[in-house]
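These notes concern the structure reproduced below.
One-based numbering, in listed order, for ligands and for the atoms of each.
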Amino acid sequence: MYYGGIEAGGTKFVCAVSDQSFKIIERVSIPTSTPDETLKQVFAFFDQYQLKAIGIGSFGPIDVNVDSDTYGYVTSTPKKGWNNYNFVGAIKGRYDVPVAWTTDVNAAAYGEYRKGEAQLSNSCIYLTIGTGIGGGAILNGEIIDGFGHPEMGHISVPNHPNDPFEGVCPYHGNCLEGLAAGPAIEKRLQKKAQDLDKTDDFWEIEAYYIAQALVNYTMILRPEVLILGGGVMKQEQLFPLIRKAFKEIMNDYVVTPDLETYIVSPGLVDDAGITGSLLLAAEKAI
Ligand code: ADP
Ligand code: ZN
């Protein structure tokens with residue numbers, strides 16, 4: 001018996017099958033096109049295995065409210081074909097097994113909580129800074145969802161004194177995502193984030209926004225670990241800059257773990273999301 005995991009991203013789907021000890025037996029990466037085309041390839045992969053349960057960590061926004069008529073749907077995405085798409089329904093229509101359903105970042109937070117940087121803790125936040133910004137939280141071992149899932153990227157943060165950029169979020173302009181996700185960097189500097197010099201002054205501005213967000217999350221949830229992933233965080237020089245700005249903004253108001261162990265990159269590197277999806281599948285199977 002195997003578990004199936006789907007890390008459904010806006011650019012690509014990673015599908016994996018693991019044994020009961022969560023060792024990945026096989027994985028594939030499938031480009032995200034229309035639901036029909038993408039799922040055809042997903043089915044071709046999983047059809048080879050006898051699955052006990054499937055876990056999905058999906059790009060959003062998605063409906064995770066079990067009392068909702070549209071539970072299991074991808075909701076208001078601009079991605080062609082995926083708006084109001086019954087993702088869980090499509091998977092369940094093919095495989096008669098329990099399906100765990102959550103956001104990509106909740107799954108990543110769960111993966112890090114069980115097998116990564118937060119495995120010795122009861123709580124953590126996983127934040128991705130990539131094409132967008134999103135976060136998932138684990139508290140006392142549980143994923144935190146309420147009426148919907150958190151939208152940690154769309155919080156308000158004050159502009160840096162030297163950054164007049166108006167932001168790119170279509171809903172809020174200069175929210176965190178509008179100021180600090182990859183496309184915001186590209187629009188502001190007319191250069192992709194990965195092409196900027198590691199010593200560019202801009203990184204201090206980027207760190208200031210991320211640190212403000214981390215201070216806010218700390219004040220609200222007091223988690224034990226803050227894990228930062230996503231393409232932009234491949235810029236490792238950001239970590240010391242973020243810790244420095246965090247310390248200044250926090251101004252010793254609340255106690256946190258040592259910042260070297262509090263603000264960290266994912267222990268599972270790029271596998272937090274798929275690992276979390278497999279773990280959530282197993283929980284659903286019990
Ligand atoms: P996605 O969010 O689509 O899943 P990523 O996390 O890779 O994918 O995010 C893509 C964004 O991250 C792009 O805006 C890109 O410019 C930026 N990015 C990717 N790699 C790097 C890098 N090494 N350094 C800085 N920015 C990067
Ligand atoms: Zn926004």
Side-chain angles (χ1 to χ4, degrees), residues 6-15 29-33 38 56-62 74-80 82 102-109 111-112 126-136 148-159 165-207 209-210 212-213 216-217 227-239 241-242 265-266 268-277:
I6 305 176
E7 187 188 10
T11 316
K12 66 176 194 306
F13 273 43
V14 176
C15 298
S29 178
I30 297 163
T32 309
S33 55
T38 307
I56 308 172
S58 177
F59 73 91
I62 65 174
V74 178
T75 58
S76 54
T77 176
K79 270 199 95 56
K80 198 164 163 274
W82 293 92
T102 195
T103 62
D104 46 4
V105 280
N106 276 344
E112 286 291 317
Y126 181 97
L127 191 74
T128 183
I129 302 157
T131 305
I133 299 184
H149 56 77
E151 285 285 359
M152 298 195 194
H154 292 269
I155 61 170
S156 298
V157 288
N159 272 73
F165 188 56
E166 69 281 7
V168 297
C169 175
Y171 293 92
H172 318 111
N174 62 348
C175 67
L176 176 66
E177 178 173 302
L179 289 169
I185 300 174
E186 190 173 342
K187 173 101 190 283
R188 187 195 271 108
L189 301 169
Q190 301 298 310
K191 222 184 213 187
K192 285 194 185 301
Q194 55 267 45
D195 298 332
L196 278 186
D197 200 286
K198 298 212 180 304
T199 58
D200 196 292
D201 286 346
F202 172 74
W203 294 117
E204 202 175 312
I205 291 174
E206 178 73 9
Y209 292 128
I210 297 167
Q212 285 192 64
N216 286 331
Y217 307 147
I227 300 151
L228 306 180
V232 174
M233 290 310 305
K234 299 279 179 201
Q235 299 292 322
E236 287 182 0
Q237 74 280 10
L238 276 171
F239 281 93
L241 294 173
I242 293 167
S265 55
L268 299 171
V269 193
D270 294 324
D271 281 351
I274 194 66
T275 303
S277 301

Give a rough value, rounded to 10 degrees, for the angle at the Zn ion (ligand 2) between atoms SG of C169 and SG of C175.
110°

Nearest protein heavy atom to [atom], by residue and atom, and its distance?
{"atom": "atom 26 (N) of ligand 1", "value": "A193 CB, 3.3 Å"}
{"atom": "atom 23 (N) of ligand 1", "value": "K234 CB, 3.5 Å"}
{"atom": "atom 5 (P) of ligand 1", "value": "G231 N, 3.6 Å"}
{"atom": "atom 13 (C) of ligand 1", "value": "G182 CA, 4.4 Å"}
{"atom": "atom 1 (P) of ligand 1", "value": "T131 OG1, 3.4 Å"}

Should you measure from each heavy atom of G230, which atoms of ligand 1 turn up under 4.0 Å away?
6 (O)

Go through ligand 1 atom by atom and flag the ones less than 4.0 Å from a non-hydrogen atom of T11.
3 (O)

How about T102 and H149: do any of their side-chain heavy atoms sit closer than 4.5 Å?
no

Atom name of the N, O or S atom of H154 nearest to the Zn ion (ligand 2) is ND1

As a test of reading the structure, name the N/O/S atom of H172 that is nearest the Zn ion (ligand 2).
ND1

Are Y209 and W203 near enough that their ring centres are under 6.0 Å apart?
no

Has S58 got a side-chain atom pairing as donor or acceptor with T103's backbone, closer than 3.5 angstrom?
no

Are D270 and K234 ion-paired here, with the side-chain N under 4.0 Å from a carboxylate O?
yes

Could you tell me whether the side chains of Q235 and K198 share a donor-acceptor contact shorter than 3.5 Å?
yes

Among Q194, K191, Q235, closest by any non-hydrogen atom to atom 16 (O) of ligand 1
Q194

Kindly check if the number of other-residue, nucleotide or ligand heavy atoms within 6.0 Å of CG (D195) is above 12?
yes

Atom CD of E186: over 12 foreign heavy atoms under 6.0 Å:
yes

What class does the angle between the rings of F13 and W82 fall in, given that below 30° is parallel, 30 to 60° is tilted and above 60° is perpendicular?
tilted

Flag: protein heavy atom within less than 4.0 Å of atom 9 (O) of ligand 1
yes

